[in-house]
There are 2 protein chains.
Amino acid sequence: MSIQSAFSHPHRPMTCQRCAIRSRSLCGSLSDDALGALSSISRHRHFAPGQIIVTEGEPAIFANVVTGIVVEKKSLSDGREQIVSMFFSGDFLGDARRVNSDSTAQAVSPVTLCAFDRNAFEQLMDVYPVLTQSVLDYAMARLENAREWMLLLGQKSAEERVATFLMRLAARQADAGCRHVAAQSIEPGMALDIPISRAQMAAYLGLTIETVSRRMTALRDSGLVAFKDARAVRLLNVDGLKAAAGDNDRL
Amino acid sequence: MSIQSAFSHPHRPMTCQRCAIRSRSLCGSLSDDALGALSSISRHRHFAPGQIIVTEGEPAIFANVVTGIVVEKKSLSDGREQIVSMFFSGDFLGDARRVNSDSTAQAVSPVTLCAFDRNAFEQLMDVYPVLTQSVLDYAMARLENAREWMLLLGQKSAEERVATFLMRLAARQADAGCRHVAAQSIEPGMALDIPISRAQMAAYLGLTIETVSRRMTALRDSGLVAFKDARAVRLLNVDGLKAAAGDNDRL
DNA sequence: CGTTGGCTTGAGTCAGATCAATAGACGTGG
DNA sequence: CCACGTCTATTGATCTGACTCAAGCCAACG
């Protein structure tokens with residue numbers, strides 16, 4: 001799956017210089033110097049679908065997602081689970097400056113991570129301030145996402161939640177590399193691949209599987225979307241979907 | 001309300017050196033040098049209860065809360081509102097490295113902020129890496145809080161939400177300066193001051209005013225808490241309340 | 001006093017949960 | 001190839017926790 005460089009070091013499957021996700025990740029803003037340092041403390045790790053990457057309460061991980069989808073979830077003692085974030089290719093996964101992770105990270109699809117040594121990474125943050133800034137940028141972006149989701153979980157109806165989910169997913173799949181353009185490029189008829197199961201959607205949206213399924217059907221019946229199967233959706237009416245998502249503001 | 005220094009500069013009501021909240025805030029970890037620089041770009045600002053401090057979409061603010069309570073909220077076009085965080089004395093309020101705020105900040109009580117000039121603050125972050133690290137620490141703490149709240153909003157019942165709110169508030173009021181001790185110091189009989197209205201609790205917990213009121217009554221009737229009035233609560237059974245909050249884990 | 005704003009309480013409704021059945025996709029082994 | 005079990009998704013029937021609508025209480029205040 002991963003793009004191998006002919007010159008790659010055995011434990012570093014590709015040089016960071018020509019990494020497929022570099023421009024979209026943390027590494028995009030680094031100097032060659034800093035990148036080299038980062039490269040030397042990184043190694044690729046693979047995870048099978050469903051495999052746990054870090055458990056809540058265990059030491060935090062620092063890694064870029066190279067390929068695949070990762071979710072982070074928090075759970076209650078009786079088994080109820082809430083997915084708190086989804087990570088796509090290029091996202092930085094890591095609770096910098098926290099000793100232990102506050103949530104469990106799990107691979108949803110086959111995942112390749114570019115993982116960094118924790119201590120070495122923190123030391124590198126001291127040497128290269130730009131790295132700290134990048135990590136801060138990511139943290140702020142995640143915070144903004146978390147807050148948007150709090151609004152969704154606290155105030156939106158089931159149908160608004162499902163519509164919002166589809167729109168966000170579309171924005172994420174449309175931007176593909178440049179997250180600042182986004183939204184505009186969601187054109188009608190766009191095919192959308194839902195990378196998670198209905199159960200995971202439910203855990204992400206604070207609903208049950210049945211309600212997710214029913215609302216998906218309702219969106220189909222009202223002509224906003226069409227689907228080939230449960231995972232392959234086509235957006236028929238983007239404006240309508242945006243309206244169904246509840247907020248008419250920016251993306 | 002604020003502790004005035006005899007040596008204070010007209011626009012800087014107290015020297016940062018002897019600021020009442022220094023040890024609990026961002027400033028606690030700074031060198032005298034960095035603190036001096038920060039001091040020179042700060043000034044105190046006052047807000048009346050209900051007054052808006054920043055509006056969603058406007059340029060972000062950088063400030064420490066000196067006294068009072070601030071809430072941040074996000075809203076939908078039809079008026080539904082979700083409070084996404086509460087700031088107490090010593091908390092750092094600011095979306096570093098983001099141009100515009102993603103939420104509206106509002107004073108709940110009379111508030112004094114120690115506000116920093118935005119550009120100067122960002123420049124200072126370049127000069128003093130420790131400042132960036134402190135901001136990152138705050139961002140990670142806020143992210144963890146946001147995630148815990150996502151679990152609450154997505155999975156917990158009304159009664160669990162109210163109980164969790166009371167426990168978190170108690171932890172926050174008990175630690176008073178050192179957030180790492182916390183929780184342990186919540187002793188039975190502890191008096192708790194609820195600094196926000198029922199309507200704000202509802203907006204924070206993703207419930208209606210009526211449900212908040214009913215669940216508060218239910219907690220009283222089951223003997224977990226007692227109250228003098230709507231804002232003055234006494235914790236009678238801390239373990240019971242913890243159980244009612246749904247998660248038996250740390251704090 | 002009358003008004004106003006915040007809080008509580010009651011009665012009825014409804015959106016989403018729960019319980020239950022079915023269908024399709026996919027493997028596995030006889 | 002078909003019978004079988006498993007896993008995921010959909011759909012139906014019913015239930016219930018929280019919302020809605022409405023009334024009443026109390027303290028603050030002009």
Side-chain angles (χ1 to χ4, degrees), chain A residues 48-50 71 76 78-82 108-109 152-166 192-222 225-233 244 246, chain B residues 48-50 69 71 76 78-83 108-109 152-166 192-222 225-233 244 246:
Chain A
V71 299
L76 260 19
D78 63 359
R80 282 174 287 176
E81 286 187 343
Q82 177 66 39
V108 161
S109 63
L152 176 143
L153 294 170
Q155 303 298 332
K156 289 189 179 179
S157 71
E159 189 146 328
E160 288 171 328
R161 295 184 200 201
V162 172
T164 305
F165 172 77
L166 293 177
L192 193 61
D193 170 54
I194 299 179
I196 59 176
S197 69
R198 290 289 186 270
Q200 286 160 335
M201 281 179 67
Y204 195 25
L205 298 172
L207 301 169
T208 58
I209 299 177
E210 294 94 327
T211 300
V212 171
S213 180
R214 275 186 248 272
R215 293 302 107 202
M216 286 290 284
T217 313
L219 289 175
R220 167 167 57 71
D221 291 348
S222 57
V225 301
F227 28 98
K228 203 160 64 64
D229 64 56
R231 301 291 193 100
V233 176
Chain B
I69 311 280
V71 298
L76 260 19
D78 63 359
R80 283 174 286 175
E81 286 187 341
Q82 178 66 39
I83 291 178
V108 161
S109 61
L152 176 143
L153 294 171
Q155 303 297 333
K156 289 189 178 180
S157 71
E159 189 145 329
E160 288 170 327
R161 295 184 200 200
V162 173
T164 305
F165 172 78
L166 293 177
L192 193 62
D193 171 52
I194 299 178
I196 59 176
S197 69
R198 290 289 185 271
Q200 286 161 335
M201 281 179 67
Y204 195 25
L205 298 172
L207 301 170
T208 58
I209 299 177
E210 295 94 326
T211 300
V212 171
S213 179
R214 276 186 247 273
R215 293 301 106 200
M216 286 289 284
T217 310
L219 290 175
R220 168 166 58 70
D221 291 349
S222 57
V225 300
F227 26 99
K228 202 161 64 65
D229 63 57
R231 301 291 194 99
V233 176

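Chain letters run A, B, ... following the sequence lines, proteins first, then strands; residues in each count from 1. This is a predicted model, so every value here is computed, not measured.
Proximity of residues 208-218 of chain A to DNA chain C (heavy atom under 4.0 angstrom from any strand atom) is restricted to A/Thr208, A/Glu210, A/Thr211, A/Arg214.
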* Test side chain to side chain contact (heavy atoms under 4.5 Å, CB included) applied to B/Glu81 and B/Val71, step by step -> CA-CA 12 Å; B/Glu81 286 187 341; B/Val71 298; over 6 Å; no
Pairs under 3.5 angstrom, nitrogen or oxygen only, protein versus nucleotides 23-30 of chain D, please.
none

Please write out the pairs of protein N or O atoms and N or O atoms of nucleotides 21-24 of chain C separated by less than 3.5 Å, giving the distance to one decimal.
none

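Closest approach of B/Phe165 and B/Ile194 over heavy atoms only: CE2-CG2, 4.2 Å.
In the set C/dC7, C/dG16, D/dA18, D/dA18 carries the atom at the smallest distance from any side-chain atom of B/Ser157.
One atom, NZ of B/Lys156, and another, P of D/dG17, lie 18 Å apart when rounded to the nearest Å. One interatomic measurement links the two molecules: CD of A/Gln155 to P of D/dA18, which rounds to 15 Å at whole-angstrom precision. Distance CE (B/Met201) to C1' (D/dA18): 16 Å, rounded to an integer number of Å. To the nearest angstrom, C1' of C/dG16 lies 13 Å from CD of A/Glu159.
Residues passing the salt bridge (Lys or Arg N to Asp or Glu O under 4.0 Å) test with A/Arg80 are A/Asp78, B/Glu160, sequence neighbours excluded. Qualifying side chain to side chain donor-acceptor pair (under 3.5 Å) partners for B/Thr211, counting only residues two or more places apart in sequence or in other chains: B/Thr208. Qualifying side chain to side chain donor-acceptor pair (under 3.5 Å) partners for A/Ser213, counting only residues two or more places apart in sequence or in other chains: none.
Between B/Ile196 and A/Arg161, the residue anchored closer to the 5' end of DNA chain C is B/Ile196, taking for each the nucleotide with the nearest heavy atom.
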